[in-house]
Amino acid sequence: MDYKNKFDLGNKTSIVTGAGAGIGKEIAIALAQFGSNIVVADINADHAKQTVKELQSFNITSLAIPIDVSKEEEVIRLVNNTMEQFGKIDILINNAGKMQKSRFEEMSIKDWKNILEVNLDSVFLMSKYVGIQMIKSGGGTIVNTASISSFIANKEPQCAYNVSKAGIHMLTQCLASEWAKYNIRVNSIAPGYTKTTMTKGLFENAENVKDIESLIPLGRVAEPSEIASLAVFLASDASSYTTGSVIHADGGYLVW
Ligand code: ADP
């Protein structure tokens with residue numbers, strides 16, 4: 001068995017949503033290192049362009065597409081543009097997301113819907129329109145960024161986020177079930193505390209960092225690269241018998 005070959009993503013095309021920053025950007029870099037062409041899809045056009053610039057050092061083609069992944073017509077345009085440019089989509093990384101901390105009794109229905117739209121409806125829309133192409137072309141892999149917050153409530157109230165991430169967990173299982181017959185594998189990653197712009201505020205306070213680290217068996221928060229390498233595994237043939245799974249990358253947080 002040639003195990004190295006299983007990680008080879010040469011001639012593949014990946015769409016990574018939220019690849020303008022944080023975990024998504026690092027996933028784009030990791031997939032590119034294994035040879036995949038990359039579509040960088042992010043609502044922040046400047047950040048998307050910057051990621052593409054950084055991908056230029058790898059021998060692949062990359063394209064920045066500004067998009068709000070919660071809007072159906074924009075998702076359709078993204079998929080059409082990708083098909084025109086690359087002719088197929090092999091890998092979809094549903095990673096774009098947004099956080100809102102708010103006490104439940106103070107949360108407006110508008111804010112609630114917005115978080116659900118950006119974090120969960122987007123996974124429905126992207127999976128649907130990319131999945132249609134994958135079914136036509138004979139298969140593919142989808143990796144969703146869930147969270148430890150898919151499984152637990154946080155002490156700091158952020159209910160809409162947790163509900164959206166719990167939804168991603170079940171959506172992963174439903175899609176894995178429905179699309180196994182089309183040779184489409186669907187898995188998710190549940191990152192724990194990771195150093196990104198989303199958690200920047202949290203880690204600015206040294207006391208906070210100490211408190212969080214004391215809850216993590218490995219005793220530290222994650223670098224985005226430690227999440228990205230798991231995405232490569234799940235996107236590649238190295239995980240060919242894995243579907244409908246969630247893999248925790250949380251330093252052991254949930255075992256405590
Ligand atoms: P993390 O990497 O921890 O998930 P970040 O805030 O660092 O968090 O990254 C999230 C990315 O998702 C950002 O680049 C952000 O611009 C992107 N994003 C947020 N909302 C949308 C959206 N509606 N459509 C596309 N991308 C989005």
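Along the sequence shown, the residues carry numbers beginning at 1. Each ligand, and each atom within it, is numbered from 1 in the order the structure gives.
- Scanning the protein heavy atoms around atom 9 (O) of ligand 1, the nearest turns out to be Ala21 O, 4.0 Å.
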Original post:
Which is it for Tyr182 and Met134 under the side chain to side chain contact (heavy atoms under 4.5 Å, CB included) test, yes or no, and what are the steps along the way?
Top reply: CA-CA 8 Å; Tyr182 299 125; Met134 287 177 169; over 6 Å; no
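- In the model, Tyr193 has no side-chain atom that pairs as donor or acceptor with a side-chain atom of Glu213 under 3.5 Å.
- When only interatomic distances are considered, the shortest N/O to N/O separation between Asp42 and ligand 1 falls below 3.5 Å.
- With respect to the salt-bridge test (charged N to carboxylate O, under 4.0 angstrom), the residues Lys71 and Glu117 do not qualify.
- Nearest protein neighbour of atom 24 (N) of ligand 1, counting heavy atoms only, is Val69 N, 3.1 Å.
- When only interatomic distances are considered, the shortest N/O to N/O separation between Asp68 and ligand 1 falls below 3.5 Å.
- Looking at Arg185 and Thr242, their side chains never bring a donor and an acceptor atom within 3.5 Å of each other.
- Side-chain N or O atoms of Ser150 include one that pairs as donor or acceptor with a backbone N or O of Lys165 at under 3.5 Å.
- Between Arg220 and Glu226 a salt bridge is recorded (basic side-chain N to carboxylate O distance below 4.0 Å).
- The shortest N/O to N/O separation between Ile43 and ligand 1 falls below 3.5 Å.
- In summary, the atoms of ligand 1 found under 4.0 Å from a heavy atom of Gly18, numbered by their order in the structure, are 11 (C), 12 (O), 14 (O), 17 (C).
- Between Asn162 and Gln158, the side chains place a donor N or O and an acceptor N or O closer than 3.5 Å (distance only, hydrogens not considered).
- Where the criterion is an N or O separation shorter than 3.5 Å, residue side chain and backbone included, Thr196 meets it with respect to ligand 1.
- With a heavy-atom cut-off of 4.0 Å, Val118 touches ligand 1 through its side chain alone.
- Taking a 4.0 Å cut-off on heavy atoms, Thr194 fails to register as neighbouring ligand 1.
- In this structure, Phe34 and Phe7 have tilted ring planes: the angle between them lies in the 30° to 60° band.
- Here the rule is side chain to side chain donor-acceptor pair (under 3.5 Å) with Thr172, and of Asn94, Asn144, Thr243, Asn187 only Asn144 fits it.
- Atoms of ligand 1 lying under 4.0 Å from at least one heavy atom of Met198, given by number and element, are 3 (O), 4 (O), 6 (O), 7 (O), 8 (O).
- Comparing Ser122, Gly97, Gly22 against atom 10 (C) of ligand 1, the shortest heavy-atom distance belongs to Gly97.
- Residue contact check: Ile23 has heavy atoms under 4.0 Å from atoms 2 (O) of ligand 1.
- For ligand 1, the atoms sitting less than 4.0 Å from at least one non-hydrogen atom of Ile67 are 24 (N), 25 (C), numbered in the order shown with element in parentheses.
- Every heavy atom of Thr17 sits 4.0 Å or more from the atoms of ligand 1.
- Relative orientation of the His169 and Phe151 rings is perpendicular, given thresholds of 30° and 60° on the angle between their planes.
- Taking distance alone, with nitrogen or oxygen atoms compared against 3.5 Å, Gly24 stays at or beyond that limit from ligand 1.
- For ligand 1, the atoms sitting less than 4.0 Å from at least one non-hydrogen atom of Thr197 are 5 (P), 6 (O), 7 (O), numbered in the order shown with element in parentheses.
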